[in-house]
Amino acid sequence: MSPHVPKKDPSDLAVVTEVIRPAAVVPEEEAQSILVALSLNGVQSGGLWQAEASRWSRYDRPWAGPHDPGSAGLVGSLQIAFGTPTKYEITIYRVTITLHGSQLGWTVQSLSDEALGLGGLTLAQCPRAALTDPPKPFRG
């Protein structure tokens, strides 16, 4: 059975998408805490979060059932990458707030802080990925 993907609703349209530069890196210990907390607070079990391999999505209320979002509205999501920059760290590189989430008062900062707070962090406290200079152009 494939995971349920809720139907797109006009209220789910993004009004704010912010690329986190430099990307926020969640250290190993905090990453483990966040993953456990997201699992315990999953929409399939009466919570508000849907944690997927590349995205953590926050809803305004628990889903009606394990695979039925019912009237739950998407507040926003964090796009993540597991295993970067090291095997057990998580990188947060983009945060999106939906129109619905914006109307409820959510911001990139507040959504990020709620997710990271599950591991005792805020976006401001997160270490940042090292930025490197782009490669020099090839000159033949």
Side-chain angles (χ1 to χ4, degrees):
M1 174 188 271
S2 64
H4 174 76
V5 177
K7 291 186 292 186
K8 292 293 180 198
D9 180 293
S11 66
D12 290 348
L13 299 174
V15 293
V16 177
T17 295
E18 183 175 320
V19 175
I20 307 299
R21 293 219 192 262
V25 177
V26 183
E28 179 180 349
E29 186 175 319
E30 290 84 352
Q32 281 296 330
S33 295
I34 291 169
L35 293 173
V36 168
L38 288 173
S39 176
L40 294 172
N41 292 294
V43 291
Q44 287 82 5
S45 58
L48 302 173
W49 287 94
Q50 182 180 36
E52 299 170 311
S54 63
R55 181 182 316 240
W56 298 336
S57 299
R58 168 62 157 81
Y59 287 82
D60 63 352
R61 64 184 64 108
W63 283 14
H67 302 288
D68 177 14
S71 62
L74 180 64
V75 168
S77 59
L78 292 87
Q79 288 186 291
I80 59 144
F82 282 99
T84 62
T86 66
K87 186 175 179 181
Y88 298 105
E89 294 176 315
I90 296 172
T91 299
I92 299 171
Y93 61 92
R94 183 178 299 131
V95 179
T96 301
I97 304 298
T98 63
L99 175 59
H100 178 63
S102 179
Q103 290 170 339
L104 292 174
W106 287 89
T107 65
V108 166
Q109 185 77 40
S110 64
L111 182 62
S112 300
D113 287 351
E114 181 169 313
L116 292 166
L118 299 171
L121 291 173
T122 65
L123 186 57
Q125 295 170 324
C126 252
R128 299 306 174 126
L131 293 178
T132 58
D133 291 331
K136 295 196 185 296
F138 175 76
R139 302 211 192 259

Could I get the full list of side-chain contact (heavy atoms from CB on, under 4.5 Å) partners for Arg61, not counting sequence neighbours? Ser71, Ala72
How far does CZ of Arg55 sit from CD of Gln50, to the nearest 0.5 angstrom? 9.5 Å
By salt bridge (Lys or Arg N to Asp or Glu O under 4.0 Å) - contacts of Glu89 (at least two apart): none
Look up atom CG in Leu78 and atom OG in Ser57, then write down how far apart they are to the nearest 0.5 Å. 8.5 Å
Write out all pairs satisfying salt bridge (Lys or Arg N to Asp or Glu O under 4.0 Å) with one or both partners inside residues 73-87, taking only residues at least two apart or from two chains. none
With the side chain counted from C-beta on, respond yes when Val108 and Ile97 share a heavy-atom pair under 4.5 Å apart, and no when they do not. yes
With sequence neighbours excluded, tell me which residues meet side-chain hydrogen bond (donor to acceptor under 3.5 Å, both in side chains) with Glu18. none
Who pairs with Leu123 by side-chain contact (heavy atoms from CB on, under 4.5 Å), at least two apart in sequence or on another chain? Ile20, Ala24, Gln109, Ser112, Asp113, Leu116, Arg128
So, do Val95 and Trp56 sit near enough that their side-chain heavy atoms are less than 4.5 Å apart? no
All heavy atoms of Ile80 vs all of Ala53, minimum pair found to be CD1-O, 3.8 Å
Side chains of residues 25-39: which donor-acceptor pairs under 3.5 Å do they make with residues two or more places apart or in other chains?
from	atom 1	to	atom 2	distance (Å)
Ser33	OG	Glu29	O	3.4

Listed by chain and number, what are the side-chain contact (heavy atoms from CB on, under 4.5 Å) partners of Ser110, not counting sequence neighbours? Trp106, Thr107
Residue pairs, two or more places apart or on separate chains, that pass salt bridge (Lys or Arg N to Asp or Glu O under 4.0 Å) and touch residues 97-108: none
When you group the ILVMFWY residues by side-chain heavy-atom contacts below 4.5 Å and let the links chain together, are Leu104 and Leu99 in the same group? yes
State which residues pass side-chain contact (heavy atoms from CB on, under 4.5 Å) with Thr84; sequence neighbours excluded, sorted by chain then number. Ala81, Thr91
State, to 0.1 Å, how close Pro62 and Gly46 come at their nearest heavy-atom pair, and which atoms those are. CG-O, 3.3 Å
Does atom OH (Tyr88) have a neighbourhood of more than 12 heavy atoms from anything else shown, all under 6.0 Å? no
Using atom types as modelled and distance alone, determine if a side-chain donor or acceptor of Asp60 lies under 3.5 Å from a backbone N or O of Gly73. yes
Could you go through the side chain to side chain contact (heavy atoms under 4.5 Å, CB included) check for Tyr93 and Arg21 one step at a time? CA-CA 7 Å; Tyr93 61 92; Arg21 293 219 192 262; over 6 Å; no
Run the side-chain hydrogen bond (donor to acceptor under 3.5 Å, both in side chains) test against Arg94 and tell me which residues pass, sequence neighbours left out. Gln79
Considering only residues two or more places apart or on different chains, which pairs with a residue in residues 34-47 satisfy salt bridge (Lys or Arg N to Asp or Glu O under 4.0 Å)? none
Does any N or O in the side chain of Gln125 come within less than 3.5 Å of the main-chain N or O of Thr122, such that one atom is a donor and the other an acceptor? yes
Any donor-acceptor pair under 3.5 Å linking the side chain of Thr96 with the backbone of Gly76? no
If every non-hydrogen atom of Trp49 is compared with every non-hydrogen atom of Ala115, which pair is closest and at what distance? CH2-CB, 3.6 Å
Would you say that Val43 contacts Pro69 through its side chain, given a criterion of any heavy-atom pair below 4.5 Å between the two side chains? no
